[in-house]
Structures are given as structure tokens and as C-alpha cells.
Amino acid sequence: MPKAEYSLPRHVAIIMDGNGRWAKQHRLAIALGHRKGVETLREIVRYSSDAGIEVLSLYAFSTENWKRSQTEVAALMTLILEFFRTEIDELDEKEVSIRILGNIDALPAAQHQAVNAAQMRTADNKGLQLNIALNYGSRDEILQATIALAHQVASGHIRPDEISSEMFENELYTKGQPDVDLLIRTSGELRLSNFLLYQNAYAEMMFPQPLWPDFTVDLYKSALKSFQQRERRYGGRTT
Ligand code: IPE
Ligand code: IPE
Ligand code: MG
């Protein structure tokens, strides 16, 4: 596939929202909404990789999603395992490098093992950097970074006034990656829900109406195109 002719955002982050409403609309079990959502995810990852996006961050499971019913959490965990088992060969072949954002120690053993194996296997790949946020919460990420730096101060390794934004960023899951350029949240909800609060500081944001299972590569392409029309100022003046 030819590379997109317009210049792309380096880092796209997506809050894949609306699986529950999609299932309800179709009078299906909620698990089937999530399953359909995985199909969209697969297409979007494939296109991002082919188009030459540098980093794609997908919000798959938040630290708050444990509040859902046991049945729904179990269904999501099953899909996560399935995804890593069935997709890893193709992703690896496409040189996709997988990084999990979030505390994976709290995942069930099988999922923990599968995501670790996927990260290790694809660590040296040079294509799309695919961040999958699993048991991720941005406030927790920021808190953990703060604790890590506090330890360095307490041990006498650094002085408090030596802490730089670079040192702080090096303690985040997104260490070494550019900030988010484009944030997309499907289903029309207008909030961040604890996703990459620090990294989204200057992101352009889009809130397309379709539910995640109805989101398509064409809609994604239009979002990437309209990103081109945005004037980014970063607090300065362009005229
Ligand atoms: C997003 O879809 C997927 C996850 C949170 C895992 P939802 O399940 O939140 O869908 P709605 O918001 O209920 O429609
Ligand atoms: C955010 O969506 C989390 C994911 C998409 C994984 P939610 O559906 O959980 O967020 P709220 O509850 O609407 O804020
Ligand atoms: Mg939701």
C-alpha cells in the first residue's frame, strides 16, 4: 500500500468507546460488542502500520474498568488473550513493536504471560510502535513517576531542583515516544477518561459520533486528513 500522501501525525491515540452501546443497539450480549470492536481494532492497526504512523496508542482497558460485572471483565480478558494469540505472527511480520501501557502485574496469569511474550518478541521491531493500554490509568502513571523520582531524591542520587521534564517523561510508560498529536474518541463522548493526561497536553482532539464497532478505515483516513487542516500553535502565534 502506498504511504499516505499527506503528512501524518507521529502519534495517534484512540479511546475505543461504544462497544456496549453497539451491542445494545443490535440486541446482542455485551461480549459480542467487544468482539466486534476487536475487528475494528485489527483494521485500524493494519492501516496505521501500512500508512507509516510512528506510534498508535489504543485504550483497551482502564484501571476503572474493573468496576464492570465479572462476566464483562472475563469476556474482555478472553478477547485480550485471543488477540495476542491470533495476531502476534502478523504483527511481528509487519515489524510492529508492542508496548503495554499499564500495570500488567494485576492481570490474570495467562494474559500477563501472553502480553509479556508479545512485548519481548517484538521489542526490536522497527515498524509501528503499538501501545496497548491495559489496566492503564493516567493518574496512576503520573503518581508512579513521582514516586520513582522521589526515591531517586531520597537516595541522594539527584537533588529536587535537578528534576527535569525529560527525567519525568522517562518514568512514564511512553518513555522515548513523542507526545500525542491526534486523539480520537469514538461514540461522541467528550472526555479523556484518565487516558494519557500528560502526553495529550497539546494533542488535537476529535470526537467522531460512530460507535467503535462501526468505526472504519475510511473514517480514520478522514480524521487523519482533517488533522492536516488544524493549525497547531502551542501557545505561540502563527501570523
Ligand atoms: C469501550 O466500549 C471498550 C472498553 C471500555 C473496554 P464500552 O464498553 O465502554 O462501550 P459503551 O461506552 O458502554 O457503549
Ligand atoms: C474509556 O472508556 C476506557 C476504554 C475505552 C478502554 P469508558 O467507557 O470506560 O469511559 P467512561 O466510563 O465513559 O468515562
Ligand atoms: Mg464506554
In short, M77 meets Q111 closest at the heavy-atom pair O-NE2, 2.9 Å
ask   = Is any side-chain heavy atom of T186 closer than 4.5 Å to a side-chain heavy atom of W22?
value = no
Practice problem: Please check if L32 and F83 belong to a single hydrophobic cluster, counting links between Ile, Leu, Val, Met, Phe, Trp and Tyr side chain heavy atoms closer than 4.5 Å. | Solution: no
Ignoring hydrogens and angles, state whether a donor on the side chain of S7 or Q228 is under 3.5 Å from an acceptor on the partner side chain.
yes
Checking the side chain of N65 only, and the main-chain atoms of S62 only, is there a donor and an acceptor separated by less than 3.5 Å? yes
| field | side chain to side chain contact (heavy atoms under 4.5 Å, CB included) between R99 and K175, intermediate numbers included | value | CA-CA 11 Å; R99 188 188 294 191; K175 175 182 175 166; 4.3 Å; yes
Rounding to 0.5 Å, atoms NZ (K94) and CD (E87) come to a distance of 11.0 Å
Going by heavy atoms in the side chains, are R232 and D181 under 4.5 Å from each other? yes
Q) Is any side-chain heavy atom of L183 closer than 4.5 Å to a side-chain heavy atom of L192? A) yes
Query - same_hphob_cluster(V55, L182) at 4.5 Å side-chain heavy-atom cutoff - result: no
Exercise. Is E82 salt-bridged to R85, going by a charged N under 4.0 Å from an acidic O?
Worked result: no
Margin query: Do S193 and R185 have side chains that approach each other closer than 4.5 Å (heavy atoms only, starting at C-beta)?
Written below: yes
Checklist line | Side-chain heavy-atom pair Y198, E169 within 4.5 angstrom cut-off | finding: yes
Next on the checklist: Within the 3.5 Å criterion, strictly below it, is a donor on Q152 or E171 matched to an acceptor on the partner's side chain?
Outcome noted: yes
Requested in this report: Take I98 and F84 through the test side chain to side chain contact (heavy atoms under 4.5 Å, CB included) and record every step on the way to the result.
Outcome: CA-CA 10 Å; I98 295 168; F84 282 98; 4.1 Å; yes
query: Just by distance, with hydrogens left out, do Q144 and D140 show a side-chain donor and acceptor under 3.5 Å apart?
result: yes
Practice problem: Please tell me if the side chains of L8 and F227 come closer than 4.5 Å, counting only heavy atoms from C-beta onward. | Solution: no
ask   = For D105, does the CG atom have more than 12 heavy-atom neighbours from other residues, nucleotides or ligands under 6.0 Å away?
value = yes
- With a 4.5 Å limit on heavy-atom distance, are the side chains of S57 and F195 in contact? yes
Next on the checklist: Can a donor-acceptor pair be found, under 3.5 Å and without considering hydrogens, that links the side chain of S49 to the backbone of V45?
Outcome noted: no
*asked:* Let me check something: do I104 and Y59 share a hydrophobic cluster, defined by ILVMFWY side-chain heavy atoms less than 4.5 Å apart, either directly or through other members?
replied: no
Interatomic distance, CG@N131 vs CD1@I14, rounded to 0.5 Å, equals 12.0 Å
- Just by distance, do the side chain of N194 and the backbone of S138 share a donor-acceptor pair under 3.5 Å? yes
Q. Any side-chain heavy atom of Y173 sitting closer than 4.5 Å to one from N103?
A. yes
* Asked: Is it the case that one hydrophobic cluster holds both L134 and W66, taking links as side-chain heavy atoms less than 4.5 Å apart, direct or via other members?
  -> yes
Do any N or O atoms from the side chain of Q199 and from the backbone of V180 form a donor-acceptor pair under 3.5 angstrom? no
Value for NZ (K221) from CD1 (I44), rounded to nearest 0.5 Å, stands at 10.0 Å
Legend entry - Sidechain N-carboxylate O distance under 4.0 Å for D214, K36: no
Self-check item: ILVMFWY network linking L81 to L41, side-chain heavy atoms under 4.5 angstrom
Solution: no
One should read off an interatomic distance between E189 CD and Q209 CD, to the nearest 0.5 angstrom, of 9.0 Å
task = Give a yes or no on whether R230 atom CZ has more than 12 heavy-atom contacts from other residues, nucleotides or ligands under 6.0 Å away.
result = yes
- Message: Using a 3.5 Å distance criterion without hydrogens, assess whether the side chain of E162 forms a donor-acceptor pair with backbone atoms of R159.
- Response: yes
| query | Is there a donor-acceptor pair closer than 3.5 Å between any side-chain N or O of H34 and the backbone N or O of L76? | reply | no
Q) Between E64 and K67, is the closest basic N to carboxylate O distance under 4.0 Å? A) no
Exercise. Judged by atom type as modelled, is there a donor-acceptor pair below 3.5 Å linking the side chain of N200 to the main-chain atoms of L196?
Worked result: yes
Correct closest heavy-atom pair for G37 and W212 would be O-NE1, 2.9 Å
Check this for me: does any side-chain nitrogen of one of K225 and D218 sit under 4.0 Å from a carboxylate oxygen of the other? no
Exercise. Apply the test side chain to side chain contact (heavy atoms under 4.5 Å, CB included) to residues R121 and I88: give CA-CA distance (whole Å), side-chain angles for both, the deciding distance (0.1 Å), then the verdict.
Key: CA-CA 9 Å; R121 174 166 165 189; I88 190 67; 3.8 Å; yes
In terms of heavy-atom contacts, N125 and L91 come closest through ND2-O, 4.4 Å
CZ of R35 to CG of N19, rounded to nearest 0.5 Å, is 12.0 Å
Residues T174 and E141: closest non-hydrogen pair is N-OE2, 4.0 Å
On a heavy-atom basis, the closest approach of V96 and T122 is O-CB, 3.3 Å
Q) Where the side chain of Q129 meets the backbone of E54, is there a donor-acceptor pair that is under 3.5 Å apart? A) no
In terms of heavy-atom contacts, does CD of E166 have more than 12 from other residues, nucleotides or ligands at under 6.0 Å? no
Trace of the side chain to side chain contact (heavy atoms under 4.5 Å, CB included) decision for D179 with H11
CA-CA 7 Å; D179 283 347; H11 186 168; 6.0 Å; no
In this structure, CG of L219 is separated from CD1 of I184 (nearest 0.5 Å) by 9.5 Å
Original post:
So, are E90 and R42 salt-bridged, with charged N and O less than 4.0 Å apart?
Top reply: no
Closest heavy-atom pair, A23 versus A29, reported as atoms and distance to 0.1 Å, is CB-O, 3.6 Å
